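Have a look at the structure below before the remarks.
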Amino acid sequence: MLKEILLAFLTGGCLCAVGQLLIDYTKLTPARILVAYVVAGVILGGIGVYQPLIELAGAGATVPLTGFGALLARGVRKAVDDAGWIGIFSGGISAAASGLTAAIVFGVIVSLIFRPGSK
């Protein structure tokens, strides 16, 4: 169990460190880096390279944005296998629906508790 925790921590930490290096040493904005991480996850997930990393590192590979991209790619691939080409449009959303819904619901709950406002 300690090995799994360490691998998850190191994998997630490396992904975050690369993002921090991109922020510090390039002119890329954080938004572009986030989009690049999702796109990289989609590409790596689409060609089947990211799944072995997920199996090795668990949450260290699935929690960062690259994991979200890989989830989208896996959902599209499954939907295309099940429903044909129309799965291109529905697969990613259906695969990520529970995570997106949880983010929205918890975001609303937190906003009701802490009453955010503009500064």
Side-chain angles (χ1 to χ4, degrees):
M1 184 169 151
L2 182 61
K3 180 182 174 185
E4 294 171 357
I5 293 171
L6 186 61
L7 277 171
F9 177 77
L10 291 175
T11 302
C14 286
L15 289 169
C16 292
V18 170
Q20 188 63 49
L21 290 172
L22 290 172
I23 289 171
D24 291 344
Y25 296 110
T26 68
K27 293 185 179 189
L28 293 172
T29 63
R32 289 183 184 206
I33 294 169
L34 295 175
V35 170
Y37 266 43
V38 173
V39 171
V42 168
I43 292 169
L44 294 174
I47 62 175
V49 175
Y50 204 77
Q51 188 59 37
L53 182 62
I54 290 172
E55 292 169 6
L56 176 71
T62 58
V63 172
L65 288 172
T66 49
F68 177 67
L71 175 68
L72 293 175
R74 186 173 50 235
V76 169
R77 185 182 304 145
K78 184 177 182 301
V80 168
D81 289 343
D82 294 345
W85 289 103
I86 196 70
I88 292 173
F89 303 106
S90 64
I93 297 299
S94 62
S98 61
L100 293 172
T101 302
I104 292 169
V105 168
F106 290 122
V108 169
I109 290 170
V110 169
S111 72
L112 292 172
I113 294 170
F114 293 104
R115 301 197 183 244
S118 58
K119 294 181 180 182

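Computed from a predicted structure; not experimentally measured.
- L7 and V18 sit in two unconnected hydrophobic clusters of ILVMFWY residues. Membership requires side-chain heavy atoms under 4.5 Å apart, directly or through other members.
- Applying the side chain to side chain donor-acceptor pair (under 3.5 Å) test to every pair with at least one member in residues 58-67, sequence neighbours left out, gives these pairs: Y50-T66.
- Note on V42: it clusters hydrophobically with L22, by side-chain heavy-atom contacts below 4.5 Å among ILVMFWY residues.
- For R77, there are no side-chain hydrogen bond (donor to acceptor under 3.5 Å, both in side chains) partners at least two apart in sequence or on another chain.
- Here the closest heavy-atom approach between residue A59 and residue P64 is recorded as O-CD, 3.9 Å.
- The other members of the hydrophobic cluster of L21, by chain and number, are Y25 (side-chain heavy atoms under 4.5 Å, ILVMFWY only).
- The hydrophobic cluster containing L72 also contains L65, counting ILVMFWY residues as joined when their side-chain heavy atoms lie under 4.5 angstrom apart, directly or transitively.
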Could you list the donor-acceptor pairs under 3.5 angstrom formed by side chains in residues 89-98, with sequence neighbours left out?
residue	atom	partner	partner atom	Å
S94	OG	S90	O	3.1
S94	OG	G91	O	3.1

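- Residues Y37 and L34 have side chains not in contact (no heavy-atom distance under 4.5 Å, counting atoms from C-beta outward).
- Looking at every heavy atom in both residues, A73 comes nearest to G46 through CB-N, 3.6 Å.
- Cluster partners of L71 are absent, since no Ile, Leu, Val, Met, Phe, Trp or Tyr has side-chain heavy atoms less than 4.5 Å from it.
- The cluster map of Ile, Leu, Val, Met, Phe, Trp and Tyr, joined by side-chain heavy atoms under 4.5 Å apart, puts L56 and V49 in different clusters.
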| message | R74 vs I54, test: side-chain contact (heavy atoms from CB on, under 4.5 Å). Steps then yes/no. | response | CA-CA 12 Å; R74 186 173 50 235; I54 290 172; 4.1 Å; yes
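- When hydrophobic clusters are built by joining Ile, Leu, Val, Met, Phe, Trp and Tyr residues whose side-chain heavy atoms come closer than 4.5 Å, directly or via intermediates, V63 is not grouped with F68.
- Residues A57 and T11 approach most closely at CB-OG1, 3.2 Å, considering heavy atoms.
- Here F114 is tied into one hydrophobic group with V105, F106, I109, V110, I113, each link being a pair of ILVMFWY side chains closer than 4.5 Å.
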